[in-house]
Participant: 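This is the structure I want to talk about, given as structure tokens.
Both ligands and their constituent atoms are indexed starting at 1 by order of listing.
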Amino acid sequence: MTNLKQAILQGIPSELPAKKNINPSVSHAPNRKDILNKEEKQLAIRNALRYFPEHMHTVLAPEFAEELKTYGRIYMYRFMPDYEIKARHLEDFPHKSKQAAALQMMLSNNLDASIAQHPEELITYGGNGAVFQNWAQYLLCMQYLAEMNDEQTLVLYSGHPMGLFPSHKDAPRVVVTNGMMIPNHSKPDDWEKYNALGVTQYGQMTAGSFMYIGPQGIVHGTTITLLNAARKIDPKAEDLSGKIFITSGLGGMSGAQAKAGVIAKGVCIVAEVNPKATYKRHEQGWVDEVYKDLDELLDRAIEAKTKKEAVSIAYDGNIVDLLERVVERNIHIEIGSDQTSLHNPWAGGYYPVGMSYEDANEMMENKPEQFKKEVQKTLVRHSNAINTLSERGMYFFDYGNAFLLEASRANADILKPNGDFKYPSYVQDIMGPMCFDYGFGPFRWVCASNDAKDLVITDRIACEVLEEIMQHSPVEIKLQMSDNINWIKAAGENKMVVGSQARILYADAQGRMKIAEAFNNAIADGTLSAPVVLGRDHHDVSGTDSPYRETSNIYDGSQFTADMAIQNVIGDSFRGATWVSIHNGGGVGWGEVINGGFGMLLDGSADADRRLKSLLFWDVNNGISRRSWARNKEANFAIKRAMKMNPDLKVTMPNTANDSLINSLDL
Ligand SMILES: NC(=O)c1ccc[n+]([C@@H]2O[C@H](COP(=O)([O-])OP(=O)(O)OC[C@H]3O[C@@H](n4cnc5c(N)ncnc54)[C@H](O)[C@@H]3O)[C@@H](O)[C@H]2O)c1
């Protein structure tokens, strides 16, 4: 047996391992705030010691107390494994169940130091998107996965492995819940408190559900958004060519804008105030050119637009300086957005104009009140420039970063007389009606051989399947189909793989089912060397109830309910998912969203074929039916089509009330 297998099977070591220092060369989570009182701190330490035999407690209790004091959390650094955590071939993990081995592969990818944002604090992305709360949970979970068989289910409560329970072959091997709270206890400080106590965690979307595949997902999503934004303003447009997209942010997620702008064939101008972020993206090849001189930059952009060149151009400076110069020079911009971190405006998410990055950081630390005023003044100028450019024909959308919300709080001129925002969010205008309502969403797969050759084969299979379906697709969805065919054709060339051999594309229920079926056949006949894991981002048609994002284009009042996400995860769990997950928080914040997902191992068997058809049909059509009931006409079209395809589907359809009848009522 390999050392790796032995180490995983050992679980929590019976003898205390040597103390470990944190690695200074990897990024670490910010210290969390000191929120517990003395009794609660004692409780947190008691809670942490539950994982260890009593003979270790005299050493571990003061060590955990020190971690709680220093970091605001108990991570149990001493128990970090010595082996490298990363995705490997399924067979490299110790297992009795292949499905459980697939879970080891997937969660290892989420903790890979080259992928995870703060690997030693078990955070995959988004600052607080946790896979586990501490290293004991990781060790125990891997051990259970290594030992379990196909008649057991592992139950995870916010990272804590409650244990293996007898179940049956068709049941999920793992059921994940993250951050589920009694609704009245779901404010941001509740997360701080209960996470510090070690009883809950923030799983984001794909972090705590073991489904993260690196930056590929966000590049693809941004590409689809930009292509559809171009068509929204110009129905004859196929893509972004000959159009300028202007925005800001070259950080973690926002950095995808530059790459996506070029894949969508447009001219993408991005302002970034932090030179380190700008030059990092330039070195990585995600940004083509960087300018400090605004006029030089704008001349270059106009030239590229005229020649219909696809290029990304960074402005090493503040977005407001860039936009105001565009206004002064009266340059026509087709599409605008913003991806500064305005969900976090006072602590480095958004930088005031008129000062250097260093001076701004200094002011943020030493004069926070003045910093706040400067941010708000900048938001007013930022909004004014957007308003002028929009009056001149620019199409602006909020990119899910709270720009409109914070600008309105800064009293910027960003509201209509009725109090609504002047501009839509990207889901209201683009993702919702053009993708989710038709069932298109972020389907993904991972090759369990961890072999790039298998990924190339899956790309080819997926492309052939989509091309075949497209021949008979209704006109309403043809563009979505062709976008994803183009994406998959160029996917290898765009070199998007970091970590596991994974791919994402947007497909509807039919596309997802047919691709999955073709993969399963290719595993059965040996074309693929090993099984394939299917899954999706939670940012999808059915999995997420989030009134400011995924379900922001639901207008019947139900956007503040979460029945869809809960129904979805329950439905997935008895239709053959290998694992299911349901989370509070993710993207827009704790208490603001409920989101869920699934993973499914395809092993080439007839059982897998039955499961994939049953699950994928439900997993997409659940959300379409709800969107249709909310009177969304695109969803209405899609669900009628689904009912024709499968006569066992019978969805309650809405009737439409006459506007003049409603308006005539004495209310
Ligand atoms: N809609 C989506 O699909 C989606 C996806 C991911 C992230 N987001 C949101 O987008 C935001 C950005 O995410 P991120 O991961 O890139 O964050 P990030 O903090 O890594 O990047 C934001 C960047 O904006 C820069 N910036 C701040 N103020 C600026 C200014 N005035 N001018 C120019 N640059 C400025 C910062 O220096 C930083 O590099 C977040 O609020 C996030 O929640 C939305």
Side-chain angles (χ1 to χ4, degrees), residues 27 30 117 124-129 204-206 215 217-226 229 246-260 269-281 286-287 314-324 337-358 360-361 364 371 374-379 381-383 385 397-407 424-432 435 442 537-540 544 546 548-550 552 585-589 592-593:
S27 168
Q117 186 182 17
T124 302
Y125 71 95
N128 53 4
Q204 282 281 9
M205 291 193 155
T206 51
I218 184 78
V219 173
H220 178 265
T222 312
T223 306
I224 294 293
T225 305
L226 293 180
I246 199 161
T247 184
S248 47
L250 286 171
M253 304 274 201
S254 48
Q257 296 178 108
K259 183 132 184 130
I269 311 179
V270 194
E272 169 56 64
V273 79
N274 176 358
K276 272 201 181 135
T278 311
Y279 290 98
K280 183 173 151 198
R281 291 299 185 195
W286 284 43
V287 161
Y315 172 51
D316 179 9
N318 199 294
I319 179 68
V320 175
D321 287 323
L322 170 66
L323 293 178
E324 289 180 350
S337 194
D338 180 73
Q339 250 195 65
T340 55
S341 276
L342 271 163
H343 69 272
N344 177 29
W346 322 126
Y350 186 82
Y351 281 81
V353 68
M355 64 185 82
S356 71
Y357 183 67
E358 291 72 27
N361 281 329
M364 192 184 346
F371 181 79
E374 293 295 334
V375 163
Q376 292 193 316
K377 276 200 282 189
T378 304
L379 278 167
R381 277 171 62 180
H382 195 160
S383 306
F397 61 89
D398 182 287
Y399 218 150
N401 65 334
F403 173 80
L404 293 172
L405 183 68
E406 284 308 326
S425 86
Y426 74 115
V427 174
Q428 278 178 300
D429 251 26
I430 303 169
M431 278 299 180
C435 296
D537 190 358
H538 296 191
H539 180 57
D540 195 9
T544 295
S546 180
Y548 302 108
R549 231 169 72 169
E550 285 78 355
S552 60
V588 288
E592 305 285 2
V593 45

Participant: Is it the case that over 12 heavy atoms from other parts of the model lie below 6.0 angstrom from the OH atom of Y125?
Facilitator: yes
Participant: Among all protein heavy atoms, pick out the one at the shortest distance from atom 11 (C) of ligand 1; state its residue, atom name and that distance to 0.1 Å.
Facilitator: T340 O, 3.4 Å
Participant: Would you mind checking which non-hydrogen protein atom is closest to atom 41 (O) of ligand 1, with the distance to 0.1 Å?
Facilitator: H343 ND1, 2.6 Å
Participant: Report the part of V353 (side chain from C-beta onward, or backbone N, CA, C, O) that has a heavy atom under 4.0 Å from ligand 1; answer both or neither where that applies.
Facilitator: neither
Participant: Would E272 and K280 count as a side-chain contact (heavy atoms from CB on, under 4.5 Å) if you check the C-alpha gap in whole Å, the side-chain angles of each, and the deciding distance to 0.1 Å?
Facilitator: CA-CA 11 Å; E272 169 56 64; K280 183 173 151 198; over 6 Å; no
Participant: Out of curiosity, I269 CD1 to L322 CG, how far, rounded to the nearest 0.5 Å?
Facilitator: 6.0 Å
Participant: Is the closest side-chain heavy-atom distance between H382 and D338 below 4.5 Å?
Facilitator: yes
Participant: So E406 and Y350, do their side chains get closer than 4.5 Å, heavy atoms only?
Facilitator: no
Participant: Taking N318 for the side chain and P352 for the main chain, is one N or O donor matched with an acceptor at less than 3.5 Å?
Facilitator: yes
Participant: State whether the shortest distance between N or O atoms of V273 and N or O atoms of ligand 1 falls below 3.5 angstrom.
Facilitator: yes
Participant: With heavy-atom distances below 4.5 Å as the criterion, would you say the side chains of H538 and E550 are in contact?
Facilitator: no
Participant: What protein heavy atom sits nearest atom 3 (O) of ligand 1, and how far away is it?
Facilitator: Y426 OH, 3.4 Å
Participant: Are any non-hydrogen side-chain atoms of T247 and Y399 less than 4.5 angstrom apart?
Facilitator: no
Participant: Under 4.0 Å from a heavy atom of N274: give me the atoms of ligand 1 that qualify, with their elements.
Facilitator: 37 (O)
Participant: Counting both backbone and side chain atoms, is some N or O of A277 under 3.5 Å from an N or O of ligand 1?
Facilitator: no
Participant: Consider every N or O of Y351 and every N or O of ligand 1, then say whether any pair is closer than 3.5 Å.
Facilitator: yes
Participant: I want to know if ligand 1 touches E272 in the polar sense, i.e. an N/O pair below 3.5 angstrom.
Facilitator: yes
Participant: Can you list the ligand 1 atoms lying under 4.0 Å from a non-hydrogen atom of A271?
Facilitator: 33 (C), 34 (N)
Participant: Closest approach of L342 and P345, non-hydrogen atoms and distance?
Facilitator: O-CD, 3.3 Å
Participant: S383 vs F403, test: side-chain contact (heavy atoms from CB on, under 4.5 Å). Steps then yes/no.
Facilitator: CA-CA 9 Å; S383 306; F403 173 80; 4.0 Å; yes
Participant: Decide whether an N or O pair under 3.5 Å exists between H539 and ligand 1.
Facilitator: no
Participant: When you measure from atom 12 (C) of ligand 1 to every protein heavy atom, which one gives the shortest distance, and what is it?
Facilitator: Q339 O, 3.2 Å
Participant: Could you tell me which atoms of ligand 1, counted from 1 in the order shown, lie closer than 4.0 angstrom to a heavy atom of G251?
Facilitator: 16 (O), 20 (O), 21 (O), 39 (O)
Participant: Before we go on, tell me: are the rings of F397 and Y426 under 6.0 Å apart, centre to centre?
Facilitator: no
Participant: Looking only at protein heavy atoms, which one is nearest to atom 18 (P) of ligand 1, and what is the separation?
Facilitator: S341 OG, 3.4 Å
Participant: Is the shortest N/O to N/O distance between R549 and ligand 1 below 3.5 Å?
Facilitator: no
Participant: Taking the side chain as every heavy atom from C-beta outward, state whether T206 and Q204 have any pair of such atoms under 4.5 Å apart.
Facilitator: no
Participant: Is L250 in polar range of ligand 1, meaning some N or O pair under 3.5 Å apart?
Facilitator: no
Participant: Under 3.5 Å, is there a donor-acceptor pair linking the side chains of S425 and D398?
Facilitator: no
Participant: Identify the closest protein heavy atom to atom 27 (C) of ligand 1: which residue and atom is it, and at what distance?
Facilitator: G349 O, 3.3 Å
Participant: I need the nearest protein heavy-atom contact for atom 5 (C) of ligand 1: residue, atom name and distance, please.
Facilitator: I218 CD1, 3.4 Å
Participant: Assign the ring pair Y357 / Y351 to parallel, tilted or perpendicular, where the plane angle (0 to 90°) is split at 30° and 60°.
Facilitator: tilted
Participant: For ligand 1, which atoms, with element, lie under 4.0 Å from some heavy atom of I319?
Facilitator: 30 (C), 31 (N), 32 (N), 33 (C)
Participant: To which protein heavy atom is atom 15 (O) of ligand 1 closest, and what is the distance rounded to 0.1 Å?
Facilitator: M253 N, 2.9 Å
Participant: Using a strict 4.0 Å cut-off to heavy atoms of G249, name the atoms of ligand 1 that fall inside it.
Facilitator: 23 (C), 24 (O)
Participant: N/O of G317 under 3.5 Å from N/O of ligand 1, yes or no?
Facilitator: no
Participant: Any heavy atom of G221 sitting closer than 4.0 Å to ligand 1?
Facilitator: no
